[in-house]
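Take a look at the structure set out below.
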Amino acid sequence: MIAIDQLRRDPDTVRKALDSRGEPDSVAEILELDAAWRHDRTQADEIRNQRNQVNRDIGHARSSGQPPSPEVIEEMRSLGRKVDELEASAQKAEEQIHEMLLGLPNLPLSDVPVGADTDSNRIYRTEGAPTELGFEGLPHWDLAERLGIIDFQRGAKLSGSRFYTTIGAGARLERALISWMLDLHTSQHGYTELALPAVVRRDVMEGSGNLPKFADNLYHDEEDDLWLIPTAEVPITNLYRDEIIPPGQLPLYYVAQTPCFRREKAAAGRDTRGIKRVHQFNKVEMYQFVEPDSSADQLERLLGHAEEICRQLGFSWRVLELCTGDMGFAAAKTYDIEVWAAGCQEWLEVSSCSNCTDFQARRANIRYRPEQGGRPQFPHTLNGSGLALPRVIIAILENNQQPDGSVIIPEVLRPYTGFDRIHAP
RNA sequence: GGAGAGAUGGCUGAGUGGACGAAAGCACCGGUCUCGAAAACCGGAGUACGGGCAACUGUACCGUGGGUUCGAAUCCCACUCUCUCCGCCA
C-alpha cells in the first residue's frame, strides 16, 4: 500500500510512477476524498471535545448530588447526533480511500527500467551460455515419461489438466532438491527454516497484496473462506502482521518449502505440455524483513543466494532486471533468474527476487522499532524463490540427459538422492 | 461435533456506568547512590490519526462489529479467537 502521506506531499511523483506501470491515474480522486475525510474528522473531533468536557462536568455535579438539567441533556443529545453524522461521512470516505489505495501497485524504484512489456526487461548478467547436447535431446515431458518418473495421464485423472504425479526416482529427485536447497540456505546463507500452513485467511491474502485484485488466480474454499497460497511469500509476509518487531531483531531471514497453488487462468492454453506451468508445485522461498536503508543491498544478496543454487547445479543462467510494466503488484524492483533448458531450447524462469520496500509492511501493518524508545517504522520486505522445483527438474533432466536416455544427477544432490543417475528403461 | 472458561498496555493482573489511557507488580529507559555493579530511592516510557513551523494540542483505541446512554473497559446483542474437558481422528 502506498502511504497517503506521500500522495499528499508529492502527488506528481506518485502519478509518474503509476503511469510507468500502465496504471490509470486516480491520484486526484484520492486526494479529494482525503480532503473531505480530514474536514469531517477535524469537525467531529472538535465536537467530541466539547461533549467530553460537558460530560465531565455532569459527572462531577452528579457525584456531588446535582443531576443535570434536561436542557443540557438535550443539547448533548443533539451534539451526539452531529458527531454520528460526521463520523459516518468520514468513515465512508476513509473506506473509499482505503479501497483505492489497496488497488494501487507499489512504486518502482528509480533505477528500474521503464517500459510496458517484456521487451523492456534488461539483461542484468549472464552466467554460462546456452548449451548444446551434441545429440538429439528430448524435451522433459518425453524424457520423463520414457524414464517413468512423471505420470501426466494419471495426474490429470486425479485432478485435471496441469496436474501431474512424480514416481520413484522423480519423486526422490524432487525431495532431494528441496532438502538440499533448504540445507544450503539455512547453513550457508543465514536463513531460518519455517514450515507453514498452505491455506490462509482472507485478510492474510490482503496483507500480501494478492487480494482483492488477484482473486482470479487463487483457489478458494467458500465454506471457511480459506485461500490456498500461491507462494510461501503470503504466509511469511503475515507472520508479523499487526506487530511491532522489537529493536535489534532485524534483519530477519526466513526460508520455507511449501506447495504453491495457481489457477493460471490468464495463461490458459500456454505451456500446456510438461511441468513448466502447473496448478500445484513445490517451491523453496526465501524471505527477508530488513531495515529500509539496507533493502537495495539485500536484494543483491538475495539474488546471489538464488544464483548459488543455479551454480551448484551446473546450470547456465541469466538474470533479468524487470521493467516497470512487467513487475508484480507488490514489487518495487525485481530480478528474474532464467536457466537454460537444452531439451526445449529455452530460458526458464526459476526464480523471481523482489524488493517490495514498505508496500507489504504497510498493508499488513508490520512495524519495527529501530531503537529502544524510538518510533515504530515500516520495515522493507524482500522475497525470492530459491528455487521453484518443477522448472529446476526440467533443467536437470534436459541438460543432463545422455545419448542412451539416462540422466546424470548433479553431484551436490547425490548425498540426498542416493543415486547418481536415473537409468533408461 | 458436545460442554465450559476466557480475551484489559511489552508481560502478569485490578477495575460499584461519571476524576479511567486505565491501579499494582514485573520487565524496560533515565537519574541519585557506587571505583563499578547489585539493592534501594526518584523520575520516564503505549499506538494511530487530525491541527500546528514548533513547544504543544485534540480525538480515538480495554478481542472485532453493532446497540442502550448526556456519558461505556464496565450494561445488551452478534461475531472472532484462545484455553480446558469429552468425543472422533493422522
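The sequence lines fix the lettering, A, B, ..., with proteins before strands; numbering per chain opens at 1. Note that these values count all heavy atoms, side chains included, but never hydrogens, waters or copies made by symmetry.
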P atoms of C29(B) and A38(B), separation to the nearest Å
10 Å
Short side-chain N/O contact to A48(B) OP1/OP2 from Arg375(A), under 4.0 Å
yes
By the Watson-Crick or G-U definition, both distances under 3.5 Å, A38(B) is matched with none
Side chain of Ile244(A) - closest among G50(B), G18(B), U47(B):
U47(B)
Whole angstrom is fine here: how far is it from CG in Asn365(A) over to P in U64(B)?
13 Å
OP1 or OP2 of G50(B) sitting under 4.0 Å from any side-chain N/O of Arg8(A)?
yes
Atom CD1 of Ile97(A) to atom C1' of G50(B): distance rounded to whole Å?
13 Å
Nearest-angstrom distance, C1' atom, U34(B) to A40(B):
12 Å
Could you give the distance separating C79(B) and A27(B) at their P atoms, to the nearest angstrom?
42 Å
Taking the P atom of each, how far is C61(B) from G66(B), in whole Å?
11 Å
Identified pairing partner of G1(B), criterion: Watson-Crick or G-U wobble below 3.5 Å
C86(B)
For atom CG of Leu79(A) and atom P of U59(B), their distance in whole Å
13 Å
Would you mind calling A78(B) syn or anti? Take O4'-C1'-N9-C4 for purines or O4'-C1'-N1-C2 for pyrimidines, and syn is within 90° of 0.
anti
State the pairing partner of C28(B); accept Watson-Crick or G-U wobble contacts with both distances under 3.5 Å, and report none otherwise.
G44(B)
Would you say Arg201(A) places a side-chain N or O within less than 4.0 Å of OP1 or OP2 belonging to C81(B)?
yes
Separation of the C1' atoms in A37(B) and A45(B), to the nearest angstrom
24 Å
Provide, to the nearest angstrom, the distance between the NE2 atom belonging to His60(A) and the C1' atom belonging to G17(B).
15 Å
Going by distance alone, is a donor N or O of one side chain under 3.5 Å from an acceptor N or O of the other, for Tyr253(A) and Gln298(A)?
yes
What's Pro376(A) touching, base or sugar-phosphate or nothing? Going by heavy atoms closer than 4.0 Å.
sugar-phosphate
Respond yes when some side-chain nitrogen or oxygen of Arg48(A) is under 4.0 Å from OP1 or OP2 of A60(B), and no when none is.
yes
Where does the angle between the aromatic ring planes of Phe163(A) and His279(A) fall among parallel (under 30°), tilted (30 to 60°) and perpendicular (over 60°)?
tilted
Which residue lies more 5' along RNA chain B, comparing Thr42(A) with Arg51(A) via nearest heavy atoms
Thr42(A)
With both distances kept under 3.5 Å, what pairs with U69(B), Watson-Crick or G-U wobble?
none
Just name whichever nucleotide pairs with A23(B), Watson-Crick or G-U, keeping both distances under 3.5 Å, else none.
none
Verify, without hydrogens or angle tests, whether Glu398(A) (side chain) and Gly343(A) (backbone) share a donor-acceptor contact under 3.5 angstrom.
yes
In whole Å, what separates the C1' atom of C81(B) from that of G65(B)?
14 Å
Between atom CD in Gln91(A) and atom P in G66(B), what is the gap in whole Å?
6 Å
Answer with yes or no whether the side chains of Asn355(A) and Ser295(A) bring together a donor and an acceptor at under 3.5 Å.
yes
Within less than 4.0 Å of OP1 or OP2 of G10(B), is there a side-chain N or O belonging to Arg369(A)?
no
Just to confirm, is there a sub-4.0 Å distance from OP1 or OP2 of C70(B) to any side-chain nitrogen or oxygen of Arg77(A)?
yes
Nearest-nucleotide comparison on RNA chain B, the residue closer to the 5′ end among Val54(A) and Ala44(A)
Val54(A)
Aromatic ring proximity Phe329(A)/Phe214(A), centre distance under 6.0 Å:
yes
Would you say the ring centroid of Tyr191(A) lies under 6.0 angstrom from that of His305(A)?
yes
With respect to the side chain of Arg38(A), which nucleotide from U59(B), G51(B), C70(B) is positioned closest?
G51(B)
Side-chain N or O of Arg41(A) less than 4.0 angstrom from OP1 or OP2 on U59(B)?
no
C1' atom, A73(B) versus A14(B): distance in rounded Å?
12 Å
Please confirm whether the shortest side-chain N or O distance from Arg367(A) to OP1 or OP2 of A48(B) is below 4.0 Å.
yes
Between A72(B) and G21(B), how far apart are the P atoms? Round to whole Å, please.
11 Å
For Arg81(A), report the nucleic acid contact type (base, sugar-phosphate, nothing); a contact means any heavy atom under 4.0 Å.
nothing
For residues Phe289(A) and Tyr368(A), establish whether the separation of their ring centroids is below 6.0 Å.
no
G58(B) phosphate, OP1 or OP2, under 4.0 Å from Asn52(A) side-chain N/O
no
Ignoring backbone atoms, test whether Asn49(A) places a side-chain nitrogen or oxygen under 4.0 Å from the OP1 or OP2 oxygen of U59(B).
yes
Partner nucleotide, any strand, of G6(B) [Watson-Crick/G-U, under 3.5 Å]:
C81(B)
Arg311(A) atom CZ, neighbour heavy-atom count above 12 within 6.0 Å
yes
Identify the nucleotide, in any strand shown, that forms a Watson-Crick or G-U wobble pair with G50(B), with both distances under 3.5 Å; if there is none, say none.
U57(B)
What nucleic acid atoms does Arg362(A) come within less than 4.0 Å of, heavy atoms only: base, sugar-phosphate, or nothing?
nothing
Between C11(B) atom P and Glu243(A) atom CD, what is the distance in whole Å?
10 Å
